[in-house]
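Structure first, then comments.
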Number of protein chains: 2
Amino acid sequence: MDRFLSHYVHSVDSKGRVSVPAAYRQVLASRGIRDLFSMRDLYLPVMNVGGPELMSHFEAKMETLDPFSPEYQELAILAYGDGTYLKSDSEGRIVINDLIREHTGITDRATFVGVGKMFQLWRPEDFEEKIAALRERQAKHRSAATGSAGTTER
Amino acid sequence: MDRFLSHYVHSVDSKGRVSVPAAYRQVLASRGIRDLFSMRDLYLPVMNVGGPELMSHFEAKMETLDPFSPEYQELAILAYGDGTYLKSDSEGRIVINDLIREHTGITDRATFVGVGKMFQLWRPEDFEEKIAALRERQAKHRSAATGSAGTTER
DNA sequence: GGGGATATCATGGGACCCCATGGGCGTCAA
DNA sequence: TTGACGCCCATGGGGTCCCATGATATCCCC
């Protein structure tokens, strides 16, 4: 169990602090991640959070691109110019700074969403909406593929 | 005997705990599953429960995609972000959390339904209804085919 | 084969620990 | 000085562990 799974809604206090879910802290420990690194998502009003290897993830992608292409520039800005370290306090809390607040719209509650090697920070309402939309689309895809509706399958 | 079979109705206590049927616990042991993971069914108000391989369906599809594409990200959210861990206590009980309660409508009793490689959690009334509907449909099919009336049973 | 001893299982309750959350205080820099 | 930030302590509730109980199934010995 070394992957970020499941999701949690935690509240942001008046100082902007949020507890990182205990389950995630265990994953961080088992992966030897001490410094959290976060960057804005390319498509969604969401922060991607993980260890410093998040950057190498981007670097690997960048190596496949022309250094003078717009995509490369974009990625470079996102990876280097936009990322921030998130120091966690002695209780394992991080602070929702202005950049996160602005990009995600998070105010007094934040949803932590595990996506395997990293996790994300969502505005709770946005996440619920997204999940509902994704589930609906998946259901349509699958019933379209099998021709069967909601009967017992598998 | 490494498949989940049959169904059991167990009661949920005031703390939200339910005993996982002993037969299922044996299957879990023989499959080497320690951490239970549950996902909402796409069509029914039912939880699908199994080991981490529940996600393999999504992971297989993800491997064919560019990790930077929106499609990949959406699948990751569905596979990892939706659903929850079910920690089981020392007696082999799991806790019906709010997400399960909300999706299934389970209150004080839960039906465990074996479906081979995983099992499901149903609201007992829903399951009985489902079974009745299936049996009725079968009976119709049969009488239509053979011309004989009445429900054929063992 | 019958009946008592024993093991397994579902379920309940109590105690305790951890976690999420809030508040206070000192430090450092603008 | 003031606000941002790091560190400490406090607290309540939820979750986990341990023990208990009754019911049922299994086994064993006479």
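Note on naming: letters A, B, ... go to the chains in the order of the sequence lines (proteins, then strands), and numbering restarts at 1 for each one. Everything quoted here is computed from the prediction, not taken from an experiment.
Using cut-offs of 30° and 60° on the angle between ring planes, the pair Phe119(B) and Tyr24(B) is tilted.
Residues passing the side-chain hydrogen bond (donor to acceptor under 3.5 Å, both in side chains) test with Asp126(A) are Arg123(A), sequence neighbours excluded. The side-chain hydrogen bond (donor to acceptor under 3.5 Å, both in side chains) check on Asp98(B) picks up nothing, with sequence neighbours excluded. In this structure, the ring pair (Phe, Tyr, Trp, His ring centres under 6.0 Å) partners of Tyr85(A), at least two apart in sequence or on a different chain, are Phe37(A). Lys130(A) pairs by the side-chain hydrogen bond (donor to acceptor under 3.5 Å, both in side chains) definition with Glu74(B), not counting sequence neighbours. Take Gln73(B) and apply the side-chain hydrogen bond (donor to acceptor under 3.5 Å, both in side chains) test, not counting sequence neighbours, and it matches Asp41(A). With sequence neighbours excluded, the residues forming a ring pair (Phe, Tyr, Trp, His ring centres under 6.0 Å) with His10(A) are Phe112(A), listed by chain and number.
Straight-line distance from the CG atom of Leu86(B) to the C1' atom of dG15(D): 14 Å, rounded to whole Å. Remark: P of dT16(D) and CG of Asp89(B) are 8 Å apart, rounded to the nearest angstrom. Here dC5(D) presents its P atom at 12 Å from CD1 of Ile96(A), a figure rounded to the nearest Å. Atom P of nucleotide dC9(C) and atom CZ of Phe112(B) are separated by 15 Å, given to the nearest angstrom. We find that OH of Tyr85(A) is positioned 15 Å from P of dG6(D), with the value rounded to whole Å.
Applying the side chain to side chain donor-acceptor pair (under 3.5 Å) test to residues at least two apart or on different chains, none of the pairs has a partner in residues 99-116 of chain B.
Each of Lys87(A) and Lys87(B) lies near DNA chain D, and the nucleotide nearest Lys87(A) is the one positioned closer to the 5' end.
Residues from residues 103-111 of chain B with heavy atoms under 4.0 angstrom of DNA chain C: there are none.
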> What one-letter contact string describes nucleotides 16-30 of chain C from 5' to 3', where B marks a base within less than 4.0 Å of any protein heavy atom, S marks contact via sugar-phosphate atoms alone, and - marks no contact?
Replying inline: ---SSBBBBB-----

